[in-house]
Amino acid sequence: MKSKILWLFVISIIIAGMAVADADWEAAKAAIAREYIDHSKAIISTRNDTIAVQLDDANGKFNIGKVVGAVTLTYNYPSSPWSSWTCFYIDGVHYSNSTGQPTGSVPLAGGTVTYPFSLIPHSGDSSFIRGGWRQSDLDITQILQPVYVEHDYLD
């Protein structure tokens with residue numbers, strides 16, 4: 001009996017620790033974000049009734065969030081995007097649209113967007129954002145579009 005009580009106690013401590021760790025992690029991410037956010041950047045955005053996406057047109061970094069309540073889904077939405085990296089491994093070299101991130105990477109297309117990002121109107125639920133880079137004779141296109149996903153298995 002004492003063994004079961006001890007295990008319940010240990011499990012309770014672990015669960016409580018996980019809750020504190022999540023709160024600490026969220027606070028740490030928010031603190032880091034404040035260092036990188038630049039509200040003067042030009043941001044392109046599009047959305048449907050549920051999901052929104054924003055993109056920094058100078059480098060292709062983006063973030064995603066829920067429209068209602070501006071809930072963050074990735075990278076501190078709705079602030080200016082700062083940490084989503086587009087990474088490629090071409091001919092033995094790591095390229096990224098974020099200088100030095102991940103560690104050891106080379107700036108994608110010399111750090112310049114080759115094909116300017118723009119908002120493309122789309123009939124239906126939402127428009128999309130398209131642009132990209134040219135690296136090592138390859139065209140790299142990034143397309144962001146909020147879409148609805150239906151799940152048959154949830155019924």
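Remember, predicted model here, so these are calculated numbers, not experimental data.
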Verify same cluster id: L55, F88 (apolar side-chain graph, 4.5 Å): yes

Heavy-atom donor-acceptor pair, Q142 side chain to G60 backbone, under 3.5 Å: yes

Side chain Q135, main chain A109, donor-acceptor under 3.5 Å: yes

Cluster check L73, F62: I/L/V/M/F/W/Y, side chain < 4.5 angstrom: yes

Side chain T74, main chain I64, donor-acceptor under 3.5 Å: yes

Main-chain N/O of Y95 paired with S105 side-chain donor or acceptor, under 3.5 Å: no

Single-linkage hydrophobic cluster I51~L144, side-chain heavy atoms < 4.5 angstrom: yes

Any V67 side-chain heavy atom under 4.5 Å of D49 side chain: no

Just distance, no hydrogens or angles: give the donor-acceptor pairs under 3.5 Å from side chains in residues 110-120, sequence neighbours left out.
{"from": "T114", "atom 1": "OG1", "to": "R134", "atom 2": "N", "distance (Å)": "3.0"}
{"from": "Y115", "atom 1": "OH", "to": "D139", "atom 2": "OD1", "distance (Å)": "2.6"}

Heavy-atom pair with the smallest gap, counting every atom of T141 and I143: CG2-CG1, 3.8 Å

By side-chain contact (heavy atoms from CB on, under 4.5 Å) - contacts of N59 (at least two apart): K41, D56, K61

Side chain to side chain contact (heavy atoms under 4.5 Å, CB included) evaluation trace for S96 with L108: CA-CA 5 Å; S96 173; L108 187 59; 5.7 Å; no

Backbone N/O of T86 and side chain of N97: donor-acceptor pair under 3.5 Å: yes

Flag, side chain of T46 to backbone of S127, donor-acceptor distance under 3.5 Å: yes

T50 and P146, any side-chain heavy atoms less than 4.5 Å apart: no

H94 and Y89 aromatic ring geometry - parallel, tilted or perpendicular at 30°/60° bounds: tilted

Nearest non-hydrogen partners of V93 and V106, listed with the distance: CG1-CG2, 3.8 Å

S79 to N63 - nearest heavy-atom pair and separation: O-ND2, 2.7 Å

I129 backbone acceptor or donor facing Q145 side chain under 3.5 Å: no

Contacts of type salt bridge (charged side-chain N to carboxylate O under 4.0 Å, His left out), residue D57, not counting sequence neighbours: none

